[in-house]
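For the numbers below, each heavy atom of this structure counts, side chains included, while hydrogens, waters and symmetry mates do not. As the structure lists them, so they are numbered: ligands from 1, and atoms in each ligand from 1. Throughout, residue positions are numbered sequentially from 1 according to the sequence presented.
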Amino acid sequence: MPTTADYTEKIPNNVGLHEDRRLQRALESWQPNFLHWWVSMGPTLPTQDVYLRTAVNVGREGWAHFGHVPMRDYRWGIFLAERDRDRQIGFGQHMGEPAWQQVPGEYRSELRRLIVIQGDTEPASVEQQRNLGATAPSLYDLRNLFQVNVEEGRHLWAMVYLLHAYFGRDGREEAEELLHRNSGSADSPRILGAFNEETPDWLSFFMFTYFTDRDGKYQLGTLKESAFDPLSRTCEFMLKEEAHHMFVGTTGVDRVVERTAQLMVEKDTDDASPYGAIGLDVIQKYLNFHYSVSLDLFGGETSTNVANYYTAGLKGRWMEPRRKDDHKLASDAVMVDALVDDGHGAQSIGQTEVSALTGLNTDLRREYVADCQSGVNRWNKVLADAGLPQRLKLPHVAFNRKVGAFAGIESSPDGELLTAGEWQQRCGAWLPTDVDKTHVRSLMQPVHERGKIAAWIAPPRQGINGNPFDYEYVHLA
Ligand SMILES: [Fe+2]
Ligand SMILES: [Fe+2]
């Protein structure tokens, strides 16, 4: 199998598409629909070309090519990580058997569902971010936005390839539906809640790429373990691209905090917002919002579906090969977050023991939470280095939840149970209010001049691919 894509082909790929004429024709007939979707639902800012990374290979070294390309000519391709012919299933009841190269009939609908749910998030984020170009703080940031957008488009291709190649007619129908659902649409919204929220400003974008793209990283990590080998290989390569999305979020928030801290010190104030920056309290509120809606993406604390997916071998755990247990979990138990009886007839936020299999969503969410904490530590280091005593923090897992054990209650960011009335009164101190959002939006004046940057954010330490910050990353139309 060739690992380097042939870019003279209509659909660049490393899966030997030309050897399967039927599949090639099916994907070629989906391609114009994809392009129509990109033009009508993708980035709205008119550009001539953008300095983009294009995947050309899946190997360790030099897997990507950088260059200025008109976005409509971006070569969305199909790339699977290289096949390991000896790969065995690493968990569940089929552990030790050879990985599947075809979809077993008994798991067909579950696998299709998993692929559709993952696939649905990819174009959703492009839709959510489509208007951000108009308010980009620099050409460097504008380029990063477009890079994330084209790669999410490619991730859609990755999932559509699996649907077309392995799920016959149902798969082709699902591939069409992926273009018909739209983020925030009243009639046919995207499947998951966080992907129907708007991303109206760049602080939201950075928080989204930090918290919500990171959920994607963890979901892909579980699918990478799948017994269905083409899905595993697809996700492995997607994770490689996803790393840049995390980078955009992490360093984006870094730079917002850095600028705010700078002004707080310079003006000797707790509130940098009158000086053209985003106040630390507002940064905290955005963090609270994006973190809590992203926690919802992991589903309920307990789930028999997920237990079944695991036992069947469809979806593993984060870093499954590194886990030191039997990889079957049939007799293990785990503590999960829950509402428990406090002994006086009232409920309180606590934990309860469940079987390890039904608690797998909690297992994944905990890995994610620990990872999120590392970002907060990093931002707090920016504050500490500036000599400031203030700190950011992750809110309690029960805060602002719409899914799972805490969906029916209200909690403060410290995990204090609140009545509906108390929540109404106090939530404006914890989640972005209209006033906060309006202020953030008022700062979002575009800076599209080479080498310049908006006043609410610090410049990056480095440019892209060894280029300086003042490189012409984007040529506007
Ligand atoms: Fe993605
Ligand atoms: Fe992503």
ring-ring contact (aromatic ring centres under 6.0 Å, His included) partners for H327, two or more places apart:
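Partners of H327 by the ring-ring contact (aromatic ring centres under 6.0 Å, His included) criterion come out as none, since no residue qualifies.
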Going by the rule ring-ring contact (aromatic ring centres under 6.0 Å, His included), which residues pair with W456 if we only count those two or more places apart in sequence or in a different chain?
none
What salt bridge (charged side-chain N to carboxylate O under 4.0 Å, His left out) pairs are there with at least one residue in residues 135-146, not counting sequence neighbours?
D141-R255
Cation over ring face, R214 and Y210, 6.0 Å, 45°
yes
When you check the space around the Fe ion (ligand 2), which protein N, O or S atoms turn up under 2.8 Å?
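Only E152 OE2, D213 OD1, E242 OE2, H245 ND1 fall inside 2.8 Å of the Fe ion (ligand 2).
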Using the six-membered ring wherever Trp is involved, compare the ring planes of H94 and Y107 and label them parallel, tilted or perpendicular (cut-offs 30° and 60°).
perpendicular
Would you give the length of the straight line joining atom CZ of R108 to atom CG of D170, rounded to the nearest 0.5 angstrom?
5.5 Å
